[in-house]
Amino acid sequence: MHFQSVAPKYAYTSLNHLKDGTIVNLYGIVKFFKPPYVSKGTDYCSVVTLVDPSNVKLTCTLFSGNVDSLPKIYKVGDIVRFHRIKIREYNGQMQGITSVGFASLTFDGTVGAPVVPRTSSKVYTFMDEEQKIVEELRVWAASNLSVCGPAAKLSGVQPMLFFDLTCQLVGKAKVDGSSFLLKVWDGTKCPYPTWKVPVEARDVEGEKVLLHQLQNLMVDILVYDNHVQLAKSLKIGSFLRIYSIHTKQASAVDEDVSHIEFHLHGGTCYGRGIGVLPESNPDVKELKDFNFPLFGFWLCVCIIIIRKFFLILDFESRLQRCQQLPVTVLTDHQDLNNTELKTILNSTAPQQYRIRAKLRTYKPQKLYQSIKLHCSKCNSLQEVPDGDDFDFILQGSAITAPNAELQNTSWYDSVMWTTQDEKQRKIAIHFVKHDEMLQQPEDTLLMIEGGTLKEVWKLTKIFKCVIPVRSTEEDLELLDLSAPFLLQGNIKYYGCKQCSTPKPIKSLSSIAKQINLFSSVLGIELLQYVFIMKFTLIDGTGALNAYLFDYEKFFQIPASEILSNNFLQHKMQMTMNTLCPPGGKLDDLPWLECFIKSYNVRDGMKHQVYYQIFDTTVAEDV
DNA sequence: GTTTAGGATTCG
């Protein structure tokens, strides 16, 4: 056919038929290689040792002023096709060397992998015949060459050895004339303490947020001498394979435990060097770990934070802010005179009084039972749902897999992955876009589908706002309102089932930046946490039951925070113990000054006067 | 149409 006559026909020489002084074309399996490095002359150099089914080896020394025209070999076992390589004899052995017009193709050596050539040539011949040769070489290599084990990860490094690391460049810094620092991460955590090269944070090039987030995960690799020039030119965020890193166990004078140092020594022995991997590389894909395309830098940051989160399961609880313990009770306005309880009991309601009384007893004695949820619209009170309720609702919603159609919209970006366990649960996280994302990724509002109670809880530890959602056919929607519709730090926000009319999540797109508007936009009537207590007050003239209905003012503790905060619970118990010492005699009880108001409640024919404490705060002193 | 490196771990 006409087309065939146009394509040049290449003859390939097997490695046992090479002759001194010839220029040939050949195929080979990479047995050894040095990734391109800067030579002492004018060019880049790469040394490649090949083997083929004739079982003869050929070491080639390849030079080029353009690093891209050297073969793109990433690992031993890759298959190469060289065109126009010159054969010479050197030290009694055949040697390959670049000649004019040298060109190369490189293929993954894995049996069954797509046969896609890596090359810098714009034009090259590659047809069915060539594809067949590559596939045959793969099969031959699989049964005749020893395969190296899986590449080492940071999580599997051992002291005192050399290994290749596939990783991402997070930061870099100049150290001195002969060494350069690379800060890299491979998605895992080194089990040993790792060495930190003393470099000022401001001298490290890289994304500050990322460097901060990954400070305990990434490792410092000090590269020396001939590798410095290449290291300097590396782009932050690029994927690297660093060959023959030396792990050295050492301990500083002031350290009890030894640490591991990572060195890329000078020279190119054993292929020591640095290679840049394209994003299409299968090992890079594995490194990214998630089966989704990357959408941009800020999302990578969020993903890395999440990954960090799922990797490190131990968290230091935040330091509780120190708060002074209050003891007695003060009043706000001072214009009213004290009124005896007897007088109050004999008066008609409604009226307001200032009183001086002692707290004889109070209910409920178990203080956590005093926390309720209050709807200011319908005035209903309800118990705070417990974690089991939430877990049950999350489990129910996780049965439906995230709808792929609802991933990545104009106002949020999504990541989805499948859990590694036997349940193969699908989790989707949707990051609502906002302007300051890059500076403070933790400020991102996110929505989660398919998460467990533990996962949702952990996410709230780093991200400001988390909304649990599920997919419908058209939109994301809130879960049952027995579950919190929004989690902010330790606080779970609930909506009133009676008064809320949940709207589709897409309503959020317009106000995604204003978190305080969430509930109204989503059609949720927000339930507020309140303390409800009954105080029995006495003053020697009579006894009166007054209700405390308090969001925050009386105890100076937000009712919303008490259930998730042991410190605040303790503080509240101490306060009550001071106001009403357990087992205390009447004389031992402190005096309380407070405002109460009386009001009428009519239920059919029954009429009753109730009393409620207002404008009163527990004092801060003593 | 020259050199570079020519596989075989640094010693910081």
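We use all heavy atoms of the structure for the numbers below, so side chains are in, but hydrogens, waters and symmetry mates are not. Numbers restart at 1 for each chain; the letters A, B, ... are given by sequence-line order, proteins then strands. Bear in mind the structure is a predicted one, so any value in this text is a computation, not a measurement.
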Between atom [atom1] in [X] and atom [atom2] in [N], what is the gap in whole Å?
X: A:Lys86; N: B:dT2; atom1: NZ; atom2: C1'; answer: 11 Å
X: A:Lys34; N: B:dG7; atom1: NZ; atom2: P; answer: 8 Å
X: A:Arg88; N: B:dT3; atom1: CZ; atom2: C1'; answer: 11 Å
X: A:Arg272; N: B:dG12; atom1: CZ; atom2: P; answer: 14 Å
X: A:Leu222; N: B:dC11; atom1: CG; atom2: C1'; answer: 13 Å
X: A:Asp225; N: B:dT10; atom1: CG; atom2: C1'; answer: 10 Å
X: A:Phe33; N: B:dT9; atom1: CZ; atom2: P; answer: 18 Å
X: A:Ile221; N: B:dG12; atom1: CD1; atom2: C1'; answer: 16 Å

Any non-hydrogen side-chain atom of [X] less than 4.5 Å from a side-chain atom of [Y]?
X: A:His227; Y: A:Arg272; result: yes
X: A:Cys167; Y: A:Leu154; result: no
X: A:Leu18; Y: A:Thr13; result: yes
X: A:Phe107; Y: A:Gln131; result: no

Open item on the list: Please confirm whether the ring centroid of A:Tyr243 lies under 6.0 Å from the ring centroid of A:Tyr37.
Closed with: no
Open item on the list: Check for me whether the distance between the ring centres of A:His263 and A:Phe162 falls short of 6.0 Å.
Closed with: no
Task: Those residues of residues 92-105 of chain A lying under 4.0 Å from DNA chain B by at least one heavy atom - done: A:Gln95, A:Ile97
Open item on the list: Heavy atoms within less than 4.0 Å of DNA chain B: which residues of residues 170-179 of chain A have one? Give them sorted by number.
Closed with: A:Ser178
TODO: Could you measure between the two P atoms, the one in B:dG6 and the one in B:dT10, and give it in whole Å?
DONE: 13 Å
Task: P atoms of B:dT4 and B:dA8, separation to the nearest Å - done: 16 Å
Open item on the list: Using 0.5 Å steps for rounding, measure from the CD atom of A:Gln249 to the OH atom of A:Tyr192.
Closed with: 7.5 Å
Task: Evaluation steps, side-chain contact (heavy atoms from CB on, under 4.5 Å), between A:Lys183 and A:Asp220 - done: CA-CA 5 Å; A:Lys183 287 176 169 287; A:Asp220 284 4; 2.9 Å; yes
Open item on the list: Pair A:Gln407, A:His430 - check side-chain contact (heavy atoms from CB on, under 4.5 Å), show working.
Closed with: CA-CA 7 Å; A:Gln407 315 272 318; A:His430 311 285; 4.0 Å; yes
Task: Nearest-nucleotide comparison on DNA chain B, the residue closer to the 5′ end among A:Tyr90 and A:Phe163 - done: A:Tyr90
Task: Comparing A:Gly271 and A:Gly266 on DNA chain B - which has the more 5′ nearest nucleotide - done: A:Gly271
Could you check which of [options] has an atom nearest any side-chain atom of [X]?
X: A:Tyr270; options: B:dG6, B:dA8, B:dT4; result: B:dA8
X: A:Thr49; options: B:dG6, B:dG7, B:dT10; result: B:dG7
X: A:Cys45; options: B:dT3, B:dT10, B:dA5; result: B:dA5
X: A:Thr268; options: B:dT9, B:dT4, B:dG6; result: B:dG6

Does the side-chain ring of [X] lie flat on the base of [N], meaning centres under 5.5 Å and planes less than 30 degrees apart?
X: A:Phe63; N: B:dT4; answer: yes
X: A:Phe32; N: B:dG7; answer: yes
X: A:Tyr224; N: B:dG12; answer: yes

Open item on the list: Taking any heavy-atom pair under 4.0 Å as a contact, classify A:His246: base, sugar-phosphate, or nothing.
Closed with: base
Open item on the list: Looking at A:Lys75 and A:Asp164, is there a salt bridge between them, counting it only when a charged N and a carboxylate O are closer than 4.0 Å?
Closed with: no
- [ ] Ignoring backbone atoms, establish whether A:Lys57 has a side-chain N or O less than 4.0 Å from OP1 or OP2 of B:dG7.
- [x] no
TODO: For A:Ser64 and A:Ser69, test the side chains for any donor-to-acceptor distance below 3.5 angstrom and give the result as yes or no.
DONE: yes
